[in-house]
Novice: 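Take this structure, written in structure tokens, and hold onto it; I'll ask about it next.
Model, not experiment: these values are computed from the prediction.
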Amino acid sequence: MGLRDMYSAISGLEANSTWLDVIGNNISNSNTTAYKASSVSFADSFSQTLASGTGDDSNSELGGVDPEQVGSGTRVQAITANWTEGTISSTGVATDVAINGNGFLISKQGSDTYLTRAGNLTFDSTGNLVDANGGLIQGYTAAIQQTVTTIEAAGAPAAGDPALKITKSAYVLNDLDTSAISNININPNMTIPPAATTTMTFTGNLDAAQQVNGATGGVLQQYTPAAAGPPAVAATFILPTGLTAASGAANGAVTYAAQLTQNANGEFVQTVGDSLSTGKSLVTGAVNLDVVKADDTGTYAWEQQPPVTPALTSQETVYDSNGDARTVTIQMYQVNDIGGAGINATSSQTAYAWYAFDTTGGAAVSTATLVGGTGILEGQIGAAAAADQGYDRGVVGNQYAGDLIVFNTDGSLASTGGAGVAGAVAGDQTTPDIYLPPLNAPDVSPIPTIGSEITQVSLNFGTAGKLGTGERNGLTGDAEGTYQTINGVNTYVPDSHATVTQNGYADGTLSGIAFDSTGTINGTFTNGQTIALAQVAMATVENEGGLNTVGTNYYSTSVNSGAETIGLAGQNGIGTIDGGSLEGSNVDLTVELSNMIIAQRGFETNARVITVENQNLQTLAQLGQ
């Protein structure tokens, strides 16, 4: 008689006791954020061989005999974590995050780096994003970046003229460089700098049946095809009454090489059928399709008495580099038909000239407040001086001018409203720019460090294309008017309308934050802007089961987990982030309570073996009495 059974029972007590430890720990963490339940697996201990087995013996006609072995108990083979995802529940707390899928947040305490799925985060008094242990959550934080554009006159600037500077400041989040990962820090009282308007975007309709009034509005309709050389096409060109078209007279972007024929109304006309040859030609510097303003002897539509009524007037508030509100008024006039061979062979007979005015502070629409328009070199402000060459958009020697807005026969946009002139690729369509002078300054940009800078604004009228390919994402040229009875006469009433949006804003103070699915922290500001302020970095390991449990919802890597791989939520197999939510424990109490009964029974049964063996030992001792 030996004590083998007692030792086996003791191992059973230890193994089942360990199981009860794990079960008790699981149950105690059934409400722990992102806790992962553990399970226990057992293995038998080494067995003692009492007799070796033998094989069959054909000579003695004996069969084989199995070995005789007695086990020495059991042992805990492994304690493994269950990495299935816990239930994700909304908390309504903006700084709470739950990981939906694989991955961990990265937390640092001093020189130690830990992984965690517990997303009950907060900001401390200095703006650091921390977990419930005070660990510093790692990621990318946006920083202000500035870009400076230098623009000058398209030609050689006058001696001593300062370069015109346009500075743009904005928070930029760079999440491509893992070496930039550090503590996420957001000042709760932060402000974002103002952003000068860079784009005004137009949507709407310019009625194709609007009454034409450009011929008497101080504008010239001009057509020059892209092909080199004078075109042999029928066209009519009308100059405003009173405009002198003598040889060499400079009018905006066009030089008139010779006197044109003057009609009975005092208008200079190139008649249909005339050859556009020397002596009857509009040459030198002409762009594809221009409406060119008159020189000092002419007048604009708004200078007529009474002023010519524009087909459409739009007004929009924009912002300069100081965040000061500026008012831009856009007027559009439908001009004479351009015929069926305009910008492309399918263009319609609908064309509009546009003009922009700086009407900040209630300033009136006038030539003095004119900041850009059809046929006007960019950067010309008010009446152009003879040597005024406009601005170069930062490309030395380039010139750009406003151009007609032209529509295809299906109402889609056929032109962009701007064109490259000398220095640029002549005749190329471009998106036109206007330039607002600084507030309380003359019509030149001051030194950039003094007050606001000149404001360069691009006018996006839509995406242009030929018939069948023209977009309808901006302005359209459909006949949307109606016929109404006015003073007893059935009268066509045009319906031109447009909505203008812009991308500038004044400065603003942080008013709230929210996480998106990529782990980006988006800040909402009092000026209505929402920008990306930071983004949490995420980590994955090859073997989650190999992680060391540190406690307080922390894990650390081990030789069997593999090294961390850093990435971003939603990329390369990493899970996404649910903001305002937390992942719950994945402990199943039903399973744990059932396992507890089984473990208890195993413990009690092993204890009973020890009791029986103790009684046997007592009986054996009594035999000698």
Novice: Do any N or O atoms from the side chain of Ser561 and from the backbone of Leu547 form a donor-acceptor pair under 3.5 angstrom?
Specialist: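 No.
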Novice: Do Trp83 and Phe104 have their ring centres less than 6.0 Å from each other?
Specialist: yes
Novice: Can a side-chain donor-acceptor contact be found between Ser558 and Asn560 if the only test is distance below 3.5 angstrom?
Specialist: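 Side-chain D/A pair, Asn560 to Ser558: absent.
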Novice: Quick one: CD1 on Ile184 to CD1 on Ile106, what's the gap to the nearest 0.5 Å?
Specialist: 9.5 Å
Novice: Closer than 3.5 angstrom, by distance alone: can the side chain of Asp131 be matched with the main-chain N or O of Asn133 as a donor-acceptor pair?
Specialist: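 Present.
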Novice: If you count the non-hydrogen atoms of other residues, nucleotides and ligands that lie under 6.0 Å from CG in Asn548, is the total more than 12?
Specialist: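 Enclosed.
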Novice: Under a 3.5 Å cutoff, is there a donor and acceptor pairing between the side chains of Thr540 and Asn102?
Specialist: no
Novice: To the nearest 0.5 Å, tell me how far Leu121 CG sits from Ile521 CD1.
Specialist: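 Output value for this atom pair is 8.5 Å.
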Novice: Check Pro188 against Gly127 and note the closest heavy-atom contact, atom names and distance.
Specialist: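 Closest heavy-atom pair between Pro188 and Gly127: CD-CA, 4.3 Å.
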Novice: Just wondering, are more than 12 heavy atoms of other shown residues or ligands nearer than 6.0 Å to CD in Gln77?
Specialist: yes
Novice: Only one of Asn586, Asn26, Asn553 clears side chain to side chain donor-acceptor pair (under 3.5 Å) with Tyr35; which?
Specialist: Asn26
Novice: Measure the shortest side-chain to side-chain distance between Val591 and Asn595 over non-hydrogen atoms and say whether it is less than 4.5 angstrom.
Specialist: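 Yes; the side chains approach each other to less than 4.5 Å.
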Novice: Okay, side chain of Arg117, backbone of Ile99: is any donor-acceptor separation there less than 3.5 Å?
Specialist: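 Checking the backbone N and O of Ile99 against the side chain of Arg117, a donor-acceptor pair under 3.5 Å is found.
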Novice: Is it true that the side chains of Asn128 and Asn185 contain a donor and an acceptor less than 3.5 Å apart?
Specialist: yes
Novice: Counting the benzene-type ring for Trp, do Tyr505 and Tyr319 have ring centres under 6.0 Å apart?
Specialist: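 No - the distance between ring centres of Tyr505 and Tyr319 does not fall below the 6.0 Å cut-off.
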Novice: Spell out, as yes or no, whether a donor-acceptor pair under 3.5 Å connects the side chain of Glu604 to the backbone of Gly602.
Specialist: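 No, the answer is negative, given that no donor and acceptor are paired below the 3.5 Å cut-off.
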Novice: Donor-acceptor check, side chain of Thr87 to backbone of Gly584, threshold 3.5 angstrom: yes or no?
Specialist: no
Novice: Measuring from atom CD of Glu564 to atom OG1 of Thr557, what distance do you get when rounded to the nearest 0.5 angstrom?
Specialist: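 Atom-to-atom, Glu564:CD and Thr557:OG1 are 5.5 Å apart.
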Novice: Mind checking the OG1-CD spacing from Thr327 to Glu316? Nearest 0.5 Å is all I need.
Specialist: 9.0 Å
Novice: Return the minimal non-hydrogen interatomic distance between Asp495 and Asp207, and the atom names on each side.
Specialist: N-OD2, 2.9 Å
Novice: Quick one: does any side-chain atom of Ser38 pair with a main-chain N or O of Ala81 as donor and acceptor, under 3.5 Å?
Specialist: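 No; zero donor-acceptor contacts below 3.5 Å.
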Novice: So for atom CG, which belongs to Asp177, do other residues, nucleotides or ligands contribute more than 12 heavy atoms lying within a distance under 6.0 Å?
Specialist: yes
Novice: Under 6.0 Å between ring centres: does that hold for Phe603 and Trp19?
Specialist: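 No.
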Novice: Would a distance-only check, ignoring hydrogens and angles, find a side-chain to backbone donor-acceptor pair under 3.5 Å from Thr430 to Pro432?
Specialist: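 Here the side-chain-to-backbone pair does not exist.
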Novice: With rounding to the nearest 0.5 Å, note down the distance linking OG1 in Thr431 to CE in Met200.
Specialist: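 Thr431 atom OG1 to Met200 atom CE measures 13.5 Å (nearest 0.5 Å).
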Novice: Okay, side chain of Thr605, backbone of Arg601: is any donor-acceptor separation there less than 3.5 Å?
Specialist: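 It does hold such a pair.
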Novice: Parallel, tilted or perpendicular: which describes the rings of Phe461 and Phe202, with under 30° parallel and over 60° perpendicular?
Specialist: tilted
Novice: Is there side-chain contact between Ile434 and Leu459, with at least one heavy-atom pair below 4.5 Å?
Specialist: yes
Novice: Do Asn522 and Ile531 make a side-chain contact, defined as non-hydrogen atoms from C-beta onward lying under 4.5 Å apart?
Specialist: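 Counting from C-beta outward, Asn522 and Ile531 never come under 4.5 Å.
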Novice: If we ignore angles and hydrogens, is there a donor and acceptor under 3.5 Å between the side chains of Thr549 and Tyr555?
Specialist: no
Novice: Going from CG on Asn183 to OG1 on Thr141, what distance comes out if it is rounded to the nearest 0.5 angstrom?
Specialist: 8.0 Å
Novice: Using atom types as modelled and distance alone, determine if a side-chain donor or acceptor of Gln502 lies under 3.5 Å from a backbone N or O of Thr197.
Specialist: no
Novice: Quick check: does any side chain N or O of Lys108 sit under 3.5 Å from a backbone N or O of Tyr114, one acting as donor and the other as acceptor?
Specialist: no
